[in-house]
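All ligand and atom numbering here is 1-based and tracks the order in the structure.
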Amino acid sequence: MKKIISIIIAATMLFALAGCGKDAANNSSNNQGAADGKKIIVMGTNAEFPPFEYREGEKVVGFDVEIAKKIAEKLGAELQIEDMTFDGLIPALEAGKIDFIAAGMSITEERKKNVDFSNGYYKASQVIITLKDNTEINGPEDLENKTIGVQLGTTGDEEAQKIQGAEIIQFNAGYAAIMDLQNDKLDAVVLDYEPARNFASQNDKIQILPVELTQEEYAIAVRKGNQELVDAINTVLEEMKESGEYDKLVEEYFSKE
Ligand code: ARG
C-alpha cells in the first residue's frame, strides 16, 4: 500500500514538474518576465547567415538582430536570442520555444501553412557559387548531374533539389558548404545572394554567377494566429522605413559594389 502511495506521489510530482517546464517555455509569450520584471521576447535565428545574422565572439549580431531589437523596444520587452539550426526554427516556433523567427527567412507557400509572416523586409534571390577557375558551370543548366552544396531546409536546398541528376549535399551552415567547395568536394553551392557576396568578399577563390535562380522576400515569422505580434512587427518595419533607420542599416550592413 505504502509503495502504491509513493508511486502516486512520485507521479503527481512528475506531472507538476512537466507542467512547470511548459510554463517556462511559454513565459516569453505570456509576458511574464525577466528578473527585473520586464517581459522577454525570444527571437529564433540561425547565426550562419552574414550580414543578416552571424556571431561576433559570443554575440549574435546582424541586420535581422537590429530589426529584432526595435521590435523588442516597441513591445517594451527584453530581447533574447536563440541560435539554432535553420531547419529547427519553425518547429521551435510551433513548440513555443521562441516568439518569432528573424533569420533571412523567405516567404513561401509551404511555410505559410505553419507560420504567419510579417510584411516582407528584404528582396532576395538564390545564386550559384563556383570556384573561380571553373569554366564548366555558367548557369543553372550546367548544374545537371553535379554535386551541389546547400544549407539544409532553405529555399536554396529546395531549388537545388529540382536539378536533374544532381547530388545535393546539405550543410547546417552555408560557410561549411563554401569550405567543401574550396576543397573540391563540391561543384557548386546554391545560397542566398547577400551571404554569398559576404563569403565571396572574404574568399578570393570563389565567384558568384550573375544569374538569379529565384525571386524571394524575407519576412519575420510568428506562430500562426499571433496577429498582435505581426501587427507590431509591421508597424516597426514601417516606422523604420519612414524614419530612414532602415536605409541606415542597409548602409551599415551591406557592402556596395
Ligand atoms: N532565405 C533562405 C530561406 O528562407 C535561407 C535563409 C537562411 N537563413 C539563415 N539564417 N541561415 O530558406
Chemist: Where is the nearest protein heavy atom to atom 7 (C) of ligand 1: which residue, which atom, and how far?
Modeler: Phe49 CE1, 3.4 Å

Chemist: In ligand 1, which numbered atoms sit nearer than 4.0 Å to a non-hydrogen atom of Tyr218?
Modeler: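 So the answer, numbered in order with elements, is 1 (N).
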
Chemist: Heavy-atom contacts with Met105 under 4.0 Å: which atoms of ligand 1 show up? List them by number with element.
Modeler: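 So the atoms of ligand 1 that pass are 4 (O).
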
Chemist: With a 4.5 Å limit on heavy-atom distance, are the side chains of Asp99 and Leu93 in contact?
Modeler: no

Chemist: Under 4.0 Å from a heavy atom of Asn46: give me the atoms of ligand 1 that qualify, with their elements.
Modeler: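 Counting atoms of ligand 1 from 1, those under 4.0 Å from Asn46 are 9 (C), 10 (N), 11 (N).
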
Chemist: For ligand 1, find out whether one of its N or O atoms is nearer than 3.5 Å to an N or O atom of Gly104.
Modeler: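 Yes; the residue has a nitrogen or oxygen that sits under 3.5 Å from a nitrogen or oxygen of the ligand.
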
Chemist: Do you see a donor-acceptor pair shorter than 3.5 Å between the side chains of Asn198 and Tyr54?
Modeler: no

Chemist: Looking at Lys241, I want to see if its NZ is surrounded by more than 12 non-hydrogen atoms of other residues, nucleotides or ligands under 6.0 Å.
Modeler: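 Yes - once you tally the heavy atoms of other residues, nucleotides and ligands closer than 6.0 Å, there are more than 12.
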
Chemist: Quick check: Arg111 and ligand 1, any N/O pair under 3.5 Å apart?
Modeler: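 Among all N and O atoms of Arg111, at least one is under 3.5 Å from an N or O of ligand 1.
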
Chemist: Which residue, Lys113, Lys112, Arg111, forms the salt bridge (charged side-chain N to carboxylate O under 4.0 Å, His left out) with Glu109?
Modeler: Lys112

Chemist: OH/Tyr122 to CG/Asp192 distance, rounded to the nearest 0.5 angstrom?
Modeler: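 It comes to 10.5 Å.
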
Chemist: N/O to N/O below 3.5 Å, does that happen between Glu53 and ligand 1?
Modeler: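 The answer is yes, given that Glu53 and ligand 1 share an N or O pair closer than 3.5 Å.
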
Chemist: Consider every N or O of Gly156 and every N or O of ligand 1, then say whether any pair is closer than 3.5 Å.
Modeler: no

Chemist: At a 4.0 Å threshold, what atoms of ligand 1 neighbour a non-hydrogen atom of Asp192?
Modeler: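 Listed by number with element: 1 (N), 2 (C), 5 (C).
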
Chemist: Enumerate the atoms of ligand 1 whose separation from the nearest heavy atom of Ala103 is less than 4.0 angstrom.
Modeler: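 It comes down to these atoms of ligand 1: 6 (C), 7 (C), 8 (N), 9 (C), 10 (N).
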
Chemist: Just distance, no hydrogens or angles: give the donor-acceptor pairs under 3.5 Å from side chains in residues 139-146, sequence neighbours left out.
Modeler:
unit_1 : atom_1 : unit_2 : atom_2 : d
Asp142 : OD2    : Asn138 : N      : 2.7
Asp142 : OD2    : Gly139 : N      : 3.2
Lys146 : NZ     : Glu136 : OE2    : 3.0

Chemist: So which heavy atom on Leu79 is nearest to which on Val65, and how close?
Modeler: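 For Leu79 versus Val65, the nearest heavy atoms are CD2-O, 4.4 Å.
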
Chemist: If we only count N/O pairs under 3.5 Å, is Thr155 in contact with ligand 1?
Modeler: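 Min N/O separation from ligand 1 is below 3.5 Å for Thr155.
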
Chemist: Out of all atoms in ligand 1, which are within 4.0 Å of some heavy atom of Gln151? Include the element for each.
Modeler: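 Near Gln151, meaning under 4.0 Å from one of its heavy atoms, ligand 1 has 7 (C), 11 (N).
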
Chemist: Do Ile206 and Ile178 have side-chain heavy atoms sitting under 4.5 Å apart?
Modeler: yes

